[in-house]
Amino acid sequence: MARRKTRDQSRNAWWAGIALLAAVVGFSQIWQLWIIPLLTWIVYELCYCPTNCGVQTNRGEPCRNHATGRLYACSLTVHRTMKNRALLDLLPIMAERRRQFRQMPEGGAAATETAEQVSLEPHQRVMVYLIAVTSVVMTVYLVLTIATIV
């Protein structure tokens with residue numbers, strides 16, 4: 001029977017692959033290809049990196065259950081909903097809409113349901129912001145590269 005990979009083995013395999021891609025780009029000297037290792041890193045961080053859930057529990061501590069990827073929470077449905085809400089609150093537009101919804105007096109039960117404060121661990125927030133900035137820079141670079149080719 002095959003042995004299951006541990007979290008460290010999975011993490012090391014991903015980082016080895018990203019390093020290999022970066023080395024190939026470095027040796028090829030085609031600098032437009034730097035987008036490939038960056039895109040791989042973004043996909044890894046958002047969807048595959050072994051991490052903790054990070055949703056703030058009722059006791060005020062972050063949840064330490066295992067999760068795969070910074071976008072996802074642990075297996076608890078409540079935590080998945082809370083993490084989705086917290087990630088949407090990182091977007092300025094969604095945070096403003098949520099604030100306006102809370103201030104509506106006729107919101108009733110729905111307003112009290114969304115009024116609870118949801119937060120993530122600081123390093124989770126920093127990584128999501130870093131990934132977002134890198135994605136925007138990559139998109140602008142890709143558009144400019146395509147524009148110069150055409």
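These values consider heavy atoms only, across backbone and side chains, with no hydrogens, waters or symmetry-generated copies.
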Evaluate L33 against S28 for side chain to side chain contact (heavy atoms under 4.5 Å, CB included), listing each step before the verdict. CA-CA 9 Å; L33 294 178; S28 73; 4.0 Å; yes

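- Under the 4.5 Å side-chain heavy-atom criterion for ILVMFWY residues, a single connected hydrophobic cluster contains both M138 and I146.
- Rounded to the nearest 0.5 Å, atoms CD1 (I42) and OG (S135) are 3.5 Å apart.
- With values rounded to the nearest 0.5 angstrom, T51 atom OG1 is found 9.0 Å from R64 atom CZ.
- In terms of hydrophobic clustering, with Ile, Leu, Val, Met, Phe, Trp and Tyr side chains grouped at heavy-atom distances under 4.5 Å, V43 and L142 are assigned to a common cluster.
- A 6.0 Å sphere centred on OH of Y44 holds more than 12 heavy atoms belonging to other residues, nucleotides or ligands.
- With hydrophobic clusters built from ILVMFWY side chains whose heavy atoms lie under 4.5 angstrom apart, I36 shares a cluster with I131.
- Residue C49 holds its SG atom at 7.5 Å from CZ of R11, rounded to the nearest 0.5 Å.
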As a quick check of understanding, evaluate side chain to side chain contact (heavy atoms under 4.5 Å, CB included) for W15 and W41, giving each step before the final call. CA-CA 8 Å; W15 282 110; W41 172 72; 3.3 Å; yes

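- Without hydrogens or angle criteria, K83 side chain to C53 main chain gives a donor-acceptor distance under 3.5 Å.
- Residue pairs meeting the salt bridge (charged side-chain N to carboxylate O under 4.0 Å, His left out) criterion with at least one partner in residues 34-49, sequence neighbours excluded, are E45-R70.
- Y141 is connected to L21 through a chain of hydrophobic side-chain contacts under 4.5 Å among Ile, Leu, Val, Met, Phe, Trp and Tyr, so both are in one cluster.
- To the nearest 0.5 angstrom, T68 atom OG1 is 13.0 Å from L46 atom CG.
- Here the NE2-CG distance, from H79 to N65, works out to 7.0 Å after rounding to the nearest 0.5 Å.
- Tracing side-chain contacts under 4.5 Å through hydrophobic residues (I, L, V, M, F, W, Y), one reaches L38 starting from I30; they form part of the same cluster.
- Side-chain contact between P37 and V25: present, with at least one pair of heavy atoms (C-beta onward) separated by less than 4.5 Å.
- The structure places OH of Y129 at 14.5 Å from OG1 of T134, a figure rounded to the nearest 0.5 Å.
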